[in-house]
There are 2 protein chains.
Amino acid sequence: MSEKITIYDIAEKLNITAATVSRALNNNPKIKESTRELVIKTAASMNYKQNKLALALKSGRSNNIGVIVPRIDSNFFASVIRGIEEELHPHGYQVIICQTHESPKRENENLYTLIDAQVDGIIMSVTDVTTENDGAFRNVLEKNVPLIFFDRSKHIDGVSSVTINDFKGGYLTTQHLINEGCKSIAHLSGDQSLEIFKNRFLGYKQALLDNGLTFKEEYVLPVKSFVDAGKEAVDILLQLETPPDAIFSSSDFAALGAIQELRARNISIPKDFCVAGFSNEPFTKFMELSITSVDQSPLEMGKMSARVFLEQVDKTDTIKIEKKVVLAPELHIRKSSSRSNT
Amino acid sequence: MSEKITIYDIAEKLNITAATVSRALNNNPKIKESTRELVIKTAASMNYKQNKLALALKSGRSNNIGVIVPRIDSNFFASVIRGIEEELHPHGYQVIICQTHESPKRENENLYTLIDAQVDGIIMSVTDVTTENDGAFRNVLEKNVPLIFFDRSKHIDGVSSVTINDFKGGYLTTQHLINEGCKSIAHLSGDQSLEIFKNRFLGYKQALLDNGLTFKEEYVLPVKSFVDAGKEAVDILLQLETPPDAIFSSSDFAALGAIQELRARNISIPKDFCVAGFSNEPFTKFMELSITSVDQSPLEMGKMSARVFLEQVDKTDTIKIEKKVVLAPELHIRKSSSRSNT
DNA sequence: TATTTTCGTGTAATCGATTACATACATGTA
DNA sequence: TACATGTATGTAATCGATTACACGAAAATA
């Protein structure tokens, strides 16, 4: 049961004051070399550990950073967090995780909790941009706590973000499908109130237009990011008067569902139907019929977000820097859309 | 730029002392009802937020809990963390994430850092049981910080753990392969200095013996949890005098690699060769040739670990409770080993 | 020798909240 | 009236570290 050792204990033992101990341990130049050595040696021998809470209270910095994500058990978010942790760990920051489960209420709650906990910054992926209640965000900004959005972002003055070029991701994928000979391409879209999904859609649309293909409203279906949603979407699409011959899905899970449903109906992929997803989830490359998908370089996204945070954290309170980092999406072409290789 | 509001600000405004404010906000019964209401109303109007750091310093509890995992971007660990977070969030705890990347050095470092940060408990999955340097662990125990192992555990007196019955997992899977008619079953094992892998192996061996099959040393290969490791293992196994007709892999990734290699050699699965993995990674069920695997109920494991922590955190310092929770593994039989359905 | 610097350390305030103890006033009881 | 009890609040210490300021002694300068 080692008691908690404080600088006062060290001071008492050496018949000096805590102030001297503190200075010695912090390499304050005004301390006699012999004293410094003595203190450091004694501290080590007593197994002294600095109490970070006391330090945090005094300095106003907790050395913690909060990360808010919809959920952690998705490869994308877990990888981003990994990137954040790896970048921040050498700087002495600890990462605190919060999940929203896509609930704006939980999101607000998490924001308040993190501020209460005096985190030095918040890196997050937004749940819902349409929330009217921006109080929690305003609260963060008023407290001058650096806030950085990644992937799903919100337009707030003075807030930085790290995203990928979703428009380009949508464009590249659609262009690829067209190159493979697809003539009528459907799109499974996430909630378009979120910019990422809006942009993937716009990229898709632009690619169609640029290639002289007509854009059809009925080819665009909203889906949740679940396997079953993809199956249902295929069911609907195949009942259309002129069914499509390809799907660009903004979700890998929906793409997988689509593929399963198409195969169940004996439609040959990629010969008669091509499918591409988004996110480059691990399973897309493991499948025998591997799935074409857009990589968002989540690890890099996490590291970049962390770096943006580090840039902002030490700036004077009055200056607000807004930095928008846009990473390039990378299309991984695989069997589900490669006619050339078949 | 709202200044930070403290109880002193409230006290000053109301011409009372901070002590009264504190008591009013903490529902201390000795406060006049009218005063309490006034304080609460004023606090709200001034947008007062309690400073958790000050509270933490005073009380010695940070309301943070540390979680140490090899890495976060694996479905298993991410799911465990999700479980921990969901169970602990309602109790006001924040989850701090640390990764070891399978390095004992990082593990030690993380332990010290978390203790420095005054976490109220540590939930972790061990990297390497053979580390001689147990100083970090002893340090945690001496500080009376509840320590809970999940999945990969270490035998330390007074330390609780939440694991699955890996022996049973190995046994069930092997028995299943035998039931499907496999006669010579190989085993790809993780590092057996870790108990989980040792136990899966022992379960495998026992099932062989119980069914009158001979156990062969050369059928047991050590692998890392990578796809390529599975491929290499198949390469070795097929060069044996009597190659096996099934593989029980302690890693889903190695199982996947094995399957890819077998198919590359035109060996029909499950007709001529059965494969089963461990962990029930998402991709195992997504594959067209879905992979039989043992589910470790990671979400439940995380929640259970959190519950064990909650039980221990409020106990008096002198009593050490050691609780060993063993969850039941669940074998998910899929195409890679289902001859009956073929 | 007298005076100024420099050096090393001590004193005490501070960060923001909690709480044991003291105190002042009101009310109840003999 | 004298004393006990209860109620509501104030005083001040505490958690552990940092740091502006003060101060005494030694060294440097005049």
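In what follows, every chain begins at residue 1, and chains take the letters A, B, ... in the order their sequences are listed. As a basis for the values below, the full set of heavy atoms in this structure was taken, side chains included, without hydrogen atoms, waters or symmetry mates.
Salt-bridge formation is detected for the pair B:R36/B:E33: a Lys NZ or Arg NE/NH1/NH2 atom is positioned less than 4.0 Å from an Asp or Glu carboxylate oxygen. By the 4.0 Å N-to-carboxylate-O rule, B:R307 lies close enough to B:E300 to be salt-bridged with it. Between A:E86 and B:R106 there is no salt bridge, since no side-chain nitrogen of the basic residue lies less than 4.0 Å from a carboxylate oxygen of the acidic one.
For A:T113, the side-chain contact (heavy atoms from CB on, under 4.5 Å) criterion is met by B:Q94, not counting sequence neighbours. Annotation: salt bridge (Lys or Arg N to Asp or Glu O under 4.0 Å) contacts of A:K49 (sequence neighbours excluded): none.
The CD1 atom of A:I31 sits 15 Å away from the C1' atom of C:dT6 (whole-angstrom rounding). Atom CZ of B:R36 is separated from atom C1' of D:dA8 by 11 Å (rounded to the nearest Å). Between the CG atom of A:L25 and the C1' atom of C:dG8 there is a distance of 16 Å, rounded to whole Å. Separating the CG atom of A:N28 from the P atom of C:dT9 is a distance of 11 Å, rounded to the nearest angstrom.
Note: A:E85 CD to B:I72 CD1 = 8.0 Å, rounded to the nearest 0.5 Å.
The nearest pair of heavy atoms linking B:S160 to B:Q312 is OG-OE1, 2.6 Å.
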Name the pairs: protein N/O against N/O of nucleotides 14-17 of chain D, kept only if under 3.5 Å.
| from | atom 1 | to | atom 2 | distance (Å) |
| --- | --- | --- | --- | --- |
| D:dG16 | N2 | A:A54 | O | 3.4 |
| D:dA17 | OP1 | A:Y48 | OH | 2.6 |
| D:dA17 | OP1 | A:N51 | N | 3.2 |
| D:dA17 | OP2 | A:I7 | N | 2.7 |
| D:dA17 | O5' | A:Y48 | OH | 3.4 |
| D:dA17 | N7 | A:Y8 | OH | 2.9 |
| D:dA17 | N6 | A:Y8 | OH | 3.4 |

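When heavy atoms are screened at a 4.0 angstrom cut-off, A:K32 is found touching the sugar-phosphate backbone but no base atom. Within 4.0 Å of A:T17, counting heavy atoms only, lies at least one base atom of the nucleic acid.
A heavy atom lying under 4.0 Å from DNA chain C marks none of the residues of residues 115-122 of chain B. Residues from residues 37-45 of chain B that place a heavy atom under 4.0 Å from any atom of DNA chain D: there are none.
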key: CA sep, side-chain torsions, deciding dist, call: A:F309, A:D120, side chain to side chain contact (heavy atoms under 4.5 Å, CB included)   = CA-CA 9 Å; A:F309 159 73; A:D120 296 342; 4.3 Å; yes
inquiry  = A:F76 vs A:M301, test: side chain to side chain contact (heavy atoms under 4.5 Å, CB included). Steps then yes/no.
reply    = CA-CA 10 Å; A:F76 174 72; A:M301 193 178 274; 3.8 Å; yes
query = Does the pair B:F150 and B:Q296 meet the rule for a side chain to side chain contact (heavy atoms under 4.5 Å, CB included), with working shown?
reply = CA-CA 11 Å; B:F150 70 85; B:Q296 301 169 279; over 6 Å; no
request  = Summarise how protein sits on nucleotides 21-28 of chain D as a single string, 5' to 3': B when a protein heavy atom is under 4.0 Å from the base, S for sugar-phosphate-only contact, - for no contact.
outcome  = --------
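Using modelled atom types and a 3.5 Å distance limit, the side chains of B:T20 and B:T17 yield a donor-acceptor pair. Side-chain atoms of A:S153 and A:T163 form no donor-acceptor pair, as typed in the model, at a separation below 3.5 Å.
When each of D:dA8, C:dT11, D:dA12 is scored by its nearest atom to the side-chain atoms of B:A19, the top-ranked nucleotide is D:dA12.
With hydrogens and angles ignored, the 3.5 Å screen pairs a side-chain donor or acceptor of A:K324 with a backbone N or O of A:V159.
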